[in-house]
Amino acid sequence: MEASFEITLQIVIAVLAGILAQVLAAFLKVPGIVFLLLFGILLGPSISGLLHPNLLGTGLEVIVALCVAIILFEGGLNLELRDLGEVSGSLRNLVTFGTLITLMGGGMAAHWLGEFPWPIAFLYASLVVVTGPTVVSPLLKHVKVDRQVTALLEGEGVLIDPVGAILAVVVLDTILNAGANPLIAIIGLFLRLGIGGGIGAAGGWLLGLILKRANFLSEDLKNLVVLAGLWGLFGLAQSIRSESGLMATVVAGIVMKASSVPEERLLRRFKGQLTVLSVSVLFILLSAGLSIASLFALGWGSLFTVLVLMFVVRPLSITLCTLNSDFNWRQKIFLSWVAPRGIVSASVASLFSILLTQRGINGGDSIKALVFLTIIMTVFVQGLTAGWIANLLQITSKEATGAVIVGCNPLSRLIARLFQERGELVVLIDTDPQACRIAEQENLRVFLSSGLDTSVLEEAGLASMGTFVAMTSNGEVNLVLAQRAAEEFSPPRVLAVFPLEPQANPAKNKSKVQQAFVSQLQIKNWNEYVNEGKVKLGETALKEEGFAFHQAHLQALIRSGDLMPLLIERDDRLMVVPAAEDWQLGDRIIYLLHDPRPNLLKRLSGASPSSRLSLEKLPEVEEVPIASPALEVPLAPRTPIQ
């Protein structure tokens, strides 16, 4: 009874410490693994002695195997296949050629600098070829970089984990069976990948079919069916060929993602919660088993080994694997910098350490210590500085392009066309079939659906878009739509057309949702103006000469209801104008100017009869005489977001 209580207490402490570490990390906005490693080491036998993972015995191996299966499945389920298509060549190179570069470079560094024997050196290198979604994905949520970089890092993290784990098993088998034929080892590698991939593909398709057809199952039960099926596929693959289960879980997640199962978001949320719990418990238990003395015993050579892996091998791998890609030099530097190691490296290294010790082979503890030193250095050096590096290189998702616009009215279609002419992806969403047909006739991508349908927002690509705008005729609905989009997808810019003092309280998301265009916008009136051709589409640039007066003149036209700013071009980025935006020197403002003259009078004055608005510099706005200081109107303060 006492033994069972000790094991129970160990699990309870690990869960409490793991969740506390995640809470602190979320509060301080740093990668969770930072506190997980710290808490695990502090609670381990080397310091406080509260946690003794060795008490779990073979149970630790079981926990590691099942938790890693969940983690890799969730990683496959979260892969954006559309984005992967844009980086498929580089991703393929990283998972194949890049793995070989890391294996060779890491092995040579560990042998020549760390003074490890060749077999142990290459075993270490095989353990650190993986990056891992458990570290990369949370890191990219805090450090929002552009879509291509995110897709490549997440794709690499998910796909290279099973490849790296299987490669490590093959290297270990070669060490344990010194006389084995290398050809047999290579065949074993591809056999494991093939068996795991086949079982995962078939199982993922079957699970997707069950979720689509089994309407009698509740949402909670569907989630548990997927969990049971996932572990079933893992166990089946493992029973056929050891370590093939990891590949099976990744492929099953990818296939289920491609199957477009109903309520996919709920499934991903459930698996995400399980993944957070699994990562928290595993990192606490595995780092608690780390001996501090073994870390210090490694010496300076091992420190240099990790530095070479980070600053020589990784940049070399990225340079060669992205040679013919569309990545620019800034993106390549960031890709070279961010390669933190995660739970797969830690778990496999811990298991290998036990196995090598049992077989009487020296180096088990040293291998584990060196792998954890690699994890610690890559997480602390790369993970904690990733945001600073991304800002320095100017590749954060604040520069993300494209827009999702809810509301298919004339004004929104005009804004969509302006984005589209800029070469940015634009999607419109509306419940009005006639309005959607008009948008399709204008070659705009449109969804006939509600903007509250998160599956439609996801299909529209909001997760990777730069802007969300809700501009239906109902201001309160717009605010609700924008708040929902901000909570679920967190695009860089979320705007809505809503009244100054809406009945709905926007305080909860006031930092996320901005009021679009101008305060108290009469969107119905402007839609009528556009429909009736009573507007001109103009542009103007704010220059240093006469800046204050030009700005005041524009504000006066806005207050009179004659001008509505639509978009701002600043630093080569096109953005929807927020009501609380302070204009700056160099801004190029695209606006609508109310022109109430009858159409006949416009044609007589030389205006084009075409209904398609085109950008022009309008004299009544552009060619404003510079007034004396006495005539300059002070700029009215912008109405703050309520």
S.K.: Between K222 and L211, which heavy-atom pair has the shortest distance, and what is it?
M.R.: NZ-O, 3.6 Å
S.K.: Does the pair E488/R269 count as a salt bridge with the N-to-O cut at 4.0 Å?
M.R.: yes
S.K.: Would F419 and V576 count as a side-chain contact (heavy atoms from CB on, under 4.5 Å) if you check the C-alpha gap in whole Å, the side-chain angles of each, and the deciding distance to 0.1 Å?
M.R.: CA-CA 10 Å; F419 270 107; V576 174; 3.9 Å; yes
S.K.: Any side-chain heavy-atom pair from M575 and L567 closer than 4.5 angstrom?
M.R.: no
S.K.: What are the two closest heavy atoms between V143 and A386, and how far apart are they?
M.R.: CG1-O, 3.8 Å
S.K.: Taking S287 for the side chain and F283 for the main chain, is one N or O donor matched with an acceptor at less than 3.5 Å?
M.R.: yes
S.K.: Within the side chain of Q10, is there an N or O that forms a donor-acceptor pair under 3.5 Å with the backbone of H52?
M.R.: yes
S.K.: Between T131 and A339, is there a donor-acceptor pair closer than 3.5 Å when you use the side chain of the first and the backbone of the second?
M.R.: no
S.K.: Where do V163 and L159 come nearest, in terms of heavy atoms and distance?
M.R.: CG2-O, 3.4 Å
S.K.: I want to check something: taking the side chain as every heavy atom from C-beta on, are Q148 and F327 in contact at a cut-off of under 4.5 Å?
M.R.: yes
S.K.: Apply side-chain contact (heavy atoms from CB on, under 4.5 Å) to residues V149 and F334 and explain how you reach the verdict.
M.R.: CA-CA 8 Å; V149 173; F334 186 79; 3.6 Å; yes
S.K.: Under 3.5 Å, side chain of K368 to main-chain N/O of G289, donor-acceptor pair present?
M.R.: yes
S.K.: Any luck finding a side-chain donor-acceptor pair between S294 and D365 under 3.5 Å?
M.R.: no
S.K.: Can you tell me how far CD of E74 sits from CG of L274, rounded to the nearest 0.5 angstrom?
M.R.: 9.0 Å
S.K.: Does some side-chain heavy atom of E154 sit less than 4.5 Å from a side-chain heavy atom of N78?
M.R.: no
S.K.: side-chain hydrogen bond (donor to acceptor under 3.5 Å, both in side chains), that's the test. Do Q22 and S280 meet it? Break it down for me.
M.R.: CA-CA 7 Å; Q22 295 283 14; S280 303; 3.1 Å; yes
S.K.: Which atom names give the shortest non-hydrogen contact between V129 and T99, and what distance separates them?
M.R.: CG1-O, 3.8 Å
S.K.: Report the distance from atom OG1 of T472 to atom CD1 of I429, rounding to the nearest 0.5 Å.
M.R.: 12.0 Å
S.K.: Can you find a side-chain donor-acceptor pair between T378 and R341 that sits under 3.5 Å?
M.R.: no
S.K.: Do E424 and L574 pass the side-chain contact (heavy atoms from CB on, under 4.5 Å) test, and can you show the C-alpha distance, the side-chain angles, and the key distance before you say yes or no?
M.R.: CA-CA 9 Å; E424 298 190 21; L574 198 63; 4.1 Å; yes
S.K.: When you compare the side chain of L303 with that of L298, does any pair of heavy atoms fall below 4.5 Å?
M.R.: no
S.K.: Regarding T305 and Y124, is there a side-chain donor-to-acceptor distance under 3.5 Å anywhere?
M.R.: no
S.K.: Taking all non-hydrogen atoms of both residues into account, name the closest pair between V348 and A165 and its distance.
M.R.: CG2-CB, 4.4 Å
S.K.: Apply side-chain contact (heavy atoms from CB on, under 4.5 Å) to residues L309 and T102 and explain how you reach the verdict.
M.R.: CA-CA 8 Å; L309 187 72; T102 306; 4.0 Å; yes
S.K.: Could you give the distance from CG (D161) to CD1 (I71), rounded to the nearest 0.5 Å?
M.R.: 9.0 Å
S.K.: Keeping the roles fixed (side chain from R314, backbone from L335), state whether a donor-acceptor pair exists under 3.5 Å.
M.R.: yes
S.K.: Taking side chain to side chain contact (heavy atoms under 4.5 Å, CB included) as the criterion, tell me which of L282, L286, T58 meets it with I63.
M.R.: L282
S.K.: From L66 CG over to F234 CZ, what is the distance, rounded to the nearest 0.5 angstrom?
M.R.: 6.5 Å
S.K.: Could you tell me whether the side chain of I375 reaches within less than 4.5 Å of the side chain of V128, counting heavy atoms only?
M.R.: no
S.K.: One pair to check against side-chain hydrogen bond (donor to acceptor under 3.5 Å, both in side chains): N223 and E219. What are the steps and the verdict?
M.R.: CA-CA 6 Å; N223 290 335; E219 293 173 359; over 6 Å; no
S.K.: Do the side chain of Q331 and the main chain of N328 share a donor and acceptor less than 3.5 angstrom apart?
M.R.: yes
S.K.: To the closest 0.5 Å, what do you measure between CZ (F39) and CD1 (I284)?
M.R.: 7.5 Å
S.K.: Would you say the side chain of K271 lies within less than 4.5 Å of the side chain of F73, judging by non-hydrogen atoms?
M.R.: yes
S.K.: Would you say the side chain of L452 lies within less than 4.5 Å of the side chain of L481, judging by non-hydrogen atoms?
M.R.: yes
S.K.: Which atoms form the tightest heavy-atom contact between P492 and G466, and what is the distance?
M.R.: CD-O, 3.5 Å
S.K.: Checking the side chain of S345 only, and the main-chain atoms of L127 only, is there a donor and an acceptor separated by less than 3.5 Å?
M.R.: yes
S.K.: When the aromatic ring centroids of F311 and W337 are compared, is their separation below 6.0 Å?
M.R.: yes
S.K.: Any donor and acceptor pair, going by atom type alone, linking the side chain of Q514 with main-chain N or O of A496 inside 3.5 Å?
M.R.: no
S.K.: What's the separation between atom CG in L42 and atom CG in L37, rounded to the nearest 0.5 Å?
M.R.: 10.5 Å
S.K.: Within the side chain of S336, is there an N or O that forms a donor-acceptor pair under 3.5 Å with the backbone of K332?
M.R.: yes
S.K.: Quick check against the 3.5 Å criterion: does D587 have a side-chain atom that pairs as donor or acceptor with the backbone of Q584?
M.R.: yes
S.K.: How about V427 and M465: do any of their side-chain heavy atoms sit closer than 4.5 Å?
M.R.: yes
